[in-house]
Amino acid sequence: MSYGQGYNPYAQPGGYAPPPGAFPPQNAQVSPQAQQWFAMVDRDRSGKINASELQAALVNGRGDHFSDNACKLMISMFDNDASGTIDVYEFEKLYNYINQWLQVFKTYDQDSSGHIEEQELTQAFTQMGFRFSPDFINFLVKKSDPQAHKEVSVDQFIVLCVQVQRFTEAFRQRDTQQNGTITIGFEDFLTVAIGCSY
């Protein structure tokens, strides 16, 4: 699975897919394509995939493997039993999720460079309903790309979008007046910060 492959025509640009709920029934069907990818990614043939196996299979537009952070985040989102691994059913959901984000990313990577710059990131967040200042977008890019390329790869984009969505949901739960401001205690702040990290 690499940037540029397997785009899902049913992806909803700007949409956020929450982690799945219950395990599928044992007789649930997994698509042949997801089964094929699962077999390729499951290098130790354990019937489960961990973050390092996922990382070995995913390549971003720069030709680098997805970051540890991105792979751990994605495994945690679909790991229903908190084992640190996902089975073929969970993998199919992750596979579809990644393809949806690849489609979203592709719509903003207008020059097909394999990464998006600050202006493209601003456009992406604006179309998702966020109105971030140029300084905040610059902060996000620098945080995502410490090597100062001033661009965001697809794995960094997925992490940013998931983290922004998680923090937004946590903020909305606390914004009882719906006025865009909250008062938060220190422990609650730490709970949000740590809870939204993975």
| field | Side-chain heavy-atom pair Glu151, Ser113 within 4.5 angstrom cut-off | value | no
| task | State which residue, out of Arg166, Gln173, Gln165, fulfils the side-chain hydrogen bond (donor to acceptor under 3.5 Å, both in side chains) condition with Glu169. | result | Gln165
| task | Please report the shortest heavy-atom distance between Arg43 and Ala56, naming the atom on each side. | result | NH2-CB, 2.8 Å
| query | If you take all heavy atoms of Thr168 and Val164, which pair is closest and at what distance? | reply | OG1-O, 2.6 Å
| Qualifying residues under side-chain contact (heavy atoms from CB on, under 4.5 Å), relative to Asn179, sequence neighbours excluded | Asp175, Gln177, Thr181
| Rounded distance (nearest 0.5 Å) linking atom CD of Gln123 with atom OG1 of Thr126 | 8.0 Å
| Mind checking whether Val192 and Phe167 have side chains closer than 4.5 Å, heavy atoms only? | yes
| task | Classify the ring geometry between Phe125 and Phe130 as parallel (under 30°), tilted (30 to 60°) or perpendicular (over 60°). | result | perpendicular
| request: Starting from the C-alpha separation in whole Å, work towards a yes-or-no answer on side chain to side chain contact (heavy atoms under 4.5 Å, CB included) for Phe38 and Ile49. | output: CA-CA 8 Å; Phe38 184 85; Ile49 292 173; 3.2 Å; yes
| request: Supply the atom-to-atom distance Phe105 CZ to Ile158 CD1, rounded to the nearest 0.5 angstrom. | output: 9.0 Å
| query | Which heavy atom in Val41 sits nearest to a heavy atom in Ala57, and how many Å separate them? | reply | CG2-CB, 3.5 Å
| query | Does a side-chain heavy-atom distance below 4.5 Å link Phe132 with Thr122? | reply | no
| query | Can you list every side-chain hydrogen bond (donor to acceptor under 3.5 Å, both in side chains) pair that touches residues 182-191, not counting sequence neighbours? | reply | Arg174-Asp188
| message | With a 3.5 Å distance limit and no angle check, can you tell me whether Glu53 reaches the backbone of Asn50 through a side-chain donor-acceptor pair? | response | yes
| request: Give a yes or no on whether the backbone of Gln103 and the side-chain of Asn99 come within a donor-acceptor separation of less than 3.5 Å. | output: no
| Expected output: side-chain Glu120 to main-chain Glu117 donor-acceptor under 3.5 Å | yes
| field | Atom of Cys71, atom of Phe66 and distance for their closest heavy-atom approach | value | SG-CB, 3.7 Å
| request: Determine the minimum heavy-atom distance between Val152 and Gln156, stating which atoms define it. | output: CA-OE1, 3.4 Å
| message | Using the side-chain hydrogen bond (donor to acceptor under 3.5 Å, both in side chains) criterion, which residues pair with Gln55? Sequence neighbours excluded. | response | Asp68
| task | Measure the OG1-CD1 distance between Thr176 and Ile182 for me, rounded to the nearest 0.5 Å. | result | 9.5 Å
| query | Between Glu118 (side chain) and Val141 (backbone), is there a donor-acceptor pair under 3.5 Å? | reply | no
| request: Nearest 0.5 Å please: distance from the CE atom of Met77 over to the CG atom of Asp79. | output: 12.0 Å
| field | Inter-residue atom distance Asp155.CG - His65.NE2, 0.5 Å rounding | value | 11.5 Å
| query | In Å and rounded to the nearest 0.5 Å, what is the CD1 to OH distance from Ile116 to Tyr108? | reply | 9.0 Å
| field | Side-chain H-bond candidate by donor/acceptor type, Asn69 with Ser67, under 3.5 Å | value | no
| query | Between Phe157 and Trp101, does the ring centroid distance fall short of 6.0 Å? | reply | yes
| field | Test item: side-chain donor near acceptor, Asp135 and Ser133, under 3.5 Å | value | no
| remark: Closest non-hydrogen contact found for Asp109 with Gly114 is OD2-N, 2.8 Å
| request: Answer whether the closest heavy-atom distance between the side chains of Ile86 and Leu54 falls below 4.5 Å. | output: no
| said: Within the 4.5 Å heavy-atom criterion, are Ile98 and Leu58 side-chain neighbours or not? | reply: yes
